[in-house]
Amino acid sequence: MWWALKTIYEKGLLYEELKVVPYCPRDETTLSSHELGQPGVYRDVIDPSVYVRLPVVEDHGPARQGDELIVWTTTPWTLVSNAAVAVDPELTYVRARSGDGRVAIVAEAPLERVLGPGTEVLERFPGAALEGARYEPPFDFITGTEYGPKGHTVVPGDFVSAEEGTGLVHTAIAFGEDDFRLGEQQGLNVINPVCTDGTYDERIGPYAGRWVKDADPDLIEDLRQRGRLLRAETYEHSYPHCWRCGTPLLYYAKPSWFIATSRIKDHLLGANEAVNWYPEHVKHGRFGKWLEGNVDWALSRERYWGTPLPIWRCDKAHTRAVGSLTELRELSGVSLEDPHRPFVDEVSFPCPECGSESKRVEEVIDVWFDSGAMPFAQYHAPHENEDQFEARFPADFICEALDQTRGWFYSLLAVATLLFDRSSYRNVVCLGLILDEQGRKMSKSLGNIVEPWDVLDRFGADALRWYFFTSKQPWDGYRFSLKTIEESVRQFLLPLWNTYSFYVLYANANGVDADVAMDDADGLGELDRWALSRLSATVEMARERLDNYDATNAGRAIAAYSDELSNWYVRRSRRRFWDGDGPAFAVLRTCLVTVAQLLAPFCPFVADEIYDNLDGAAASVHLTDFPEPGERAPELEREMAIARETVRLGLAARAQSKLKVRQPLRAAVVVATGHEREAIEHLAEVVREELNVRELRFVSEADELGRVEVKPNYRTLGPRFGKQMPTVAAAIAGLDADRAASALRNGGRVAIDVAGTDHELGREDLLVAMKPLEGYQVEREGTHAVALELAVDDELRVEGWAREIVHAIQAARRDAGLEVSDRIVLTLAGDDALLEAARSHEPYVAGETLAVRVNYDGVDGGQRVRVDGRELRVAVARV
């Protein structure tokens, strides 16, 4: 740290100067400009607002003795140190007589607002005509001569405005940047009657020792009693408070040490250009604009604890920056074991320039400089371990919340630029804030905070992490909801765990070796190759997105693949796992182990559990390499995607018709041509089984599946046409529905005539639906459509009953606590038609339920179920 500060000092960028700085009187320390950017610094407060009369003491230009300059302030406590009144030389001012006969001087623009209506304007003149006019100050604790020749006179100021106040500005040189700058320009002495603890000193008579803001009411009353108060009001505005203790800050002229960051603004902006920001808009937005408006860094702090400012100064004001403890020992002969106060304050040495004693200045430095020095200070570089520092500088990635754009992000960039002329990081993930479900900031006072341990105890760390990673981009912020975390468990973690449990269950039941690998799997089918290809695609996506610091879409890709693995590969391969098919086990194990490795950064505990049980070659999944993508089969992926889309539409049609999937149907009619039809035909058996239909038929246009209907959308057309809606509805009914639907699909519009005037209608104005052919249920999206033939004959109905019977038997097996591999004796009784269905499909029923024998001679006890309103009794017994 000392090395860094000495380097900055030797570049001529570290200096001491009297400036107005934001100051916390409770902590008795200065704040830097970027500390004012911390959350909660600016708060809406109500302060007193006073209009004060300052009598002119002698004729001057248009001003006459006894005229009253009217000034306005929201800081009455500064009136005790009024030094001058500032005016805009080019602004128009007036002498005006109010109803009480008193003559006031204000800017013309706010005249009525300040003095009220009916005021008589006596004279108009520019502000320059008032320059040099002397007046009586609001309080006489400090004489005008103490401020210099221009004390208690009117002076020109380039910051004066008539938009607020009166156009005449009360100026207290020690309090306010504009005031201080004006004092420098006009040669006014800086007099500060406020002590470091925020109380008045002995010069302010009866107010000495009082906290300045607490004195406001009494000061106002004092002005009122002496006839110097025109009006007192209240004023609501945003005011800065100390981000540590919440005390209102004072803008306070005091000597401080600064780093001249404004002189390297172009270098800061250049360093920022080399950084990748996520989200990108922060780079030139919140952070970039902050850099563009950069002001010098107020470095010194009046504290006991902290890194001592390594500046030694002699009586003749010669200064020396010390860059290390070794250098200090060489200068002083003292070896410090602890470089902090008070020990470092006791070390002095002869001034190298004049020989007089040099002592350390008392200040310590802003802790934000410590934070910015982290990259090299953690290695004690450059005094040692410089190779380690250089190997790790700049950092690949840092992450913090949006509020750190003016905190840690800035201090890291500023310190590195000052020392190395580059940023100390390459990439930034800038997080949003966490709000409650209503979008409010979480606060104990509002009672809307959430205890992290309660969430962890209820859902686990993995669920909480998954929510934060995948619910939305982290820089968008969160409306925190326990329900959303519960959804992440239900929609992702639980299905993944069920897929893993399924593998373990059937691998144990079939005696599959724990280390079964793809090398042992011969004869992979299309479904196996598809699962592995989709796995490679997911690995590619996850790597590409994580390389771009996009954990959200990487996680969503993993979740999508987990869903494909569970709801397509495992479901389509269930019979193979029952039969102990080696390739199926090898493929599923490979997929699960790879998913665990992909998932490790997101859900470390679940990932480790799955990996440890299915592989365990390394002590932890976190000690394995991140997966590399394997071979892809893009054409197979495309074909399977088309087949799955066809199945999705067909199942949606089933849901609309309220026909269970276990009920076989005669046919599904699919709209498909060209490559899409070829893909579905190639995987026709898969589609047919998933939809549980006997055959697939194809048509080339969705319109062949039914009749298109076009209806008015009353929500959009009603407000537009009002009482003409019956005519509009009739006109729409008269449209050629096929042509209208085609035009809308192609982005066109449809015209109708209403009372002799053409009106164009768009997609939002018309509801396009398809009325299916008699006996069919159609589900359509865009140009894709599937229609199911709904007629169920006796043969189909019986087959459906057989499937329902199998479903009932499987439930009875589970209720009896049987293992998946247990063979049973099955006994059925009940409705004759159901029993006949079981007999006619007995090989299927027995095979699906592992029944070695099926009895139809009655059931003692057993489970009662109903199939199509008919009763069936089921009993199972382990063999």
Side-chain angles (χ1 to χ4, degrees), residues 31-43 238 240-246 268 271-272 275-291 293-294 366-375 394-416 423-446 448-453 455-456 461 464-481 484-485 546 548-555 601-602:
L31 277 74
S32 59
S33 59
H34 49 276
E35 285 182 286
L36 297 186
Q38 295 302 301
V41 165
Y42 279 88
R43 307 177 187 177
S238 183
H241 293 65
C242 178
W243 64 277
R244 293 184 180 89
C245 66
L268 293 171
N272 186 44
V275 177
N276 297 315
W277 281 83
Y278 303 92
E280 187 177 1
H281 67 78
V282 177
K283 179 175 183 173
H284 296 119
R286 182 181 173 96
F287 192 69
K289 292 186 183 305
W290 169 254
L291 295 180
N294 183 267
D366 180 7
V367 293
W368 287 102
F369 190 92
D370 296 68
S371 76
M374 176 273 292
D396 288 327
F397 153 75
I398 62 171
C399 176
E400 252 295 355
L402 183 65
D403 55 332
Q404 291 305 314
T405 49
R406 299 176 183 180
W408 192 47
F409 296 154
Y410 173 72
S411 66
L412 280 173
L413 183 86
V415 173
S423 172
S424 60
Y425 46 83
R426 293 187 177 97
N427 300 279
V428 184
V429 173
C430 187
L431 306 177
L433 303 178
I434 301 176
L435 310 174
D436 69 7
E437 289 186 70
Q438 285 73 46
R440 301 174 301 173
K441 183 178 178 181
M442 289 189 178
S443 165
K444 287 184 178 180
S445 62
L446 294 175
N448 62 345
I449 62 169
V450 177
E451 290 289 346
W453 287 112
V455 180
L456 296 177
L464 182 60
R465 289 170 61 90
W466 186 254
Y467 161 76
F468 281 128
F469 278 127
T470 62
S471 63
K472 61 192 307 186
Q473 292 287 5
W475 43 81
D476 289 338
Y478 299 87
R479 287 195 176 191
F480 187 82
S481 166
T484 310
I485 298 180
L546 289 176
N548 284 278
Y549 298 89
D550 181 6
T552 300
N553 285 309
F602 299 87

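In this chain, numbering begins with 1 at the start of the sequence shown.
In this structure, CG on L464 lies 5.0 Å from CD1 on I485, to the nearest 0.5 angstrom. To the nearest 0.5 Å, atoms CG (N294) and OH (Y410) are separated by 4.0 Å. The distance from atom CG of L291 to atom NE2 of H284, rounded to the nearest 0.5 Å, is 10.0 Å. From Q404, atom CD reaches atom CG of L412 across 9.5 Å, with rounding to the nearest 0.5 Å. Once rounded to the nearest 0.5 Å, the distance linking CH2 of W408 with CG of D403 reads 12.5 Å. Atom CG of N553 sits about 5.5 Å away from atom CD of Q473, to the nearest 0.5 Å.
Across F409 and A401, no two heavy atoms sit closer than the pair CE1-O, 3.7 Å. A pairwise comparison of heavy atoms in T405 and W290 identifies O-CD1, 4.2 Å as the closest pair. Taking every heavy atom of both residues into account, Y425 and P394 meet most closely at N-CB, 3.7 Å. A414 approaches L268 most closely through the heavy-atom pair CA-CD2, 3.8 Å. What you find for G288 and N272 is that their closest heavy atoms are CA-ND2, 4.3 Å. What you find for R465 and F602 is that their closest heavy atoms are NE-O, 2.8 Å.
S423 contributes no side-chain N or O that, together with a main-chain N or O of L413, makes up a donor-acceptor pair within less than 3.5 Å. Side-chain N or O atoms of T552 include one that pairs as donor or acceptor with a backbone N or O of F469 at under 3.5 Å. A donor-acceptor distance shorter than 3.5 angstrom exists from the side chain of D366 to the backbone of W368, with no hydrogens or angles considered.
Looking at V415 and S424, their side chains never come closer than 4.5 Å, going by heavy atoms from C-beta outward.
Note: F287 and W277 have tilted aromatic rings, judged against thresholds of 30 and 60 degrees for the angle between ring planes.
With Y549 as reference, D396 is the one residue of N276, V428, D396 to meet the side-chain contact (heavy atoms from CB on, under 4.5 Å) rule.
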Requested in this report: Please assess Y278 against N427 for the test side chain to side chain contact (heavy atoms under 4.5 Å, CB included), listing each intermediate value before the final yes or no.
Outcome: CA-CA 8 Å; Y278 303 92; N427 300 279; 3.9 Å; yes
Query raised in the report: Between W243 and L31, does a side chain to side chain contact (heavy atoms under 4.5 Å, CB included) hold up when you go through it step by step?
Result: CA-CA 9 Å; W243 64 277; L31 277 74; 3.7 Å; yes
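Remark: the T484 side chain and the S471 side chain contain no N/O donor-acceptor pair separated by less than 3.5 Å.
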